[in-house]
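A quick write-up on the structure given underneath.
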Amino acid sequence: MSDFVKAAKVAEIPEGSFKSVEVDFERIVIVHTADGFFALADECTHDGEPISTGSLKKNELICSRHGARFDVRNGEVTRAPAIVPLDKHEVKVEGDDIFVKLAE
Ligand code: FES
């Protein structure tokens, strides 16, 4: 059973940005929007492109390859061609540090 792992510093991910990190050998993208911090699998469910090569618009991550969009708050697809949501992981902030707990 996984636990929270220190993944990044708050200062590394200002609001409106995101960062790719590795947690327990998994690529994760940590996103910071006006709604808070979110952690998702860094792999587009359409065809495997790292979603961190894309861009962020408000609460949507946009894949750089074919333009699929995902809501960072829940991983749900908001625009095709992806169909399957991104895996979402738990995030917590303590002081200057961001911790991620991988979904089971
Ligand atoms: S790989 Fe992301 S939209 Fe195709």
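When a ligand or atom number is given, it counts from 1 through the structure's own listing order. None of these values were measured; they are calculated from a predicted model.
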| query | Does NZ or CZ of Lys88 come closer than 6.0 Å to the centre of the six-membered ring of Phe38, within 45° of the ring's axis? | reply | no
| task | Could I get the full list of side chain to side chain contact (heavy atoms under 4.5 Å, CB included) partners for Pro50, not counting sequence neighbours? | result |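 Per chain and number, Pro50 pairs via side chain to side chain contact (heavy atoms under 4.5 Å, CB included) with Asp42, Ser52, Thr53.
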| request: Please work out which of the three classes, parallel, tilted or perpendicular, describes the rings of His46 and His66, given edges at 30° and 60°. | output: perpendicular
| Note, Val10 side chain near Asp97 side chain (heavy atom, < 4.5 Å) | no
| query | Which protein atoms of type N, O or S are found under 2.8 Å from atom 2 (Fe) of ligand 1? | reply | Cys44 SG, Cys63 SG
| query | Should the pair Glu60-Lys58 be classified as a salt bridge under the 4.0 Å nitrogen-to-oxygen rule? | reply | no
| request: Ignoring hydrogens and angles, tell me if any N or O in the side chain of Thr45 forms a donor-acceptor pair with the backbone of Pro85 under 3.5 Å. | output: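 Pair absent, no side-chain N/O of Thr45 close to backbone of Pro85.
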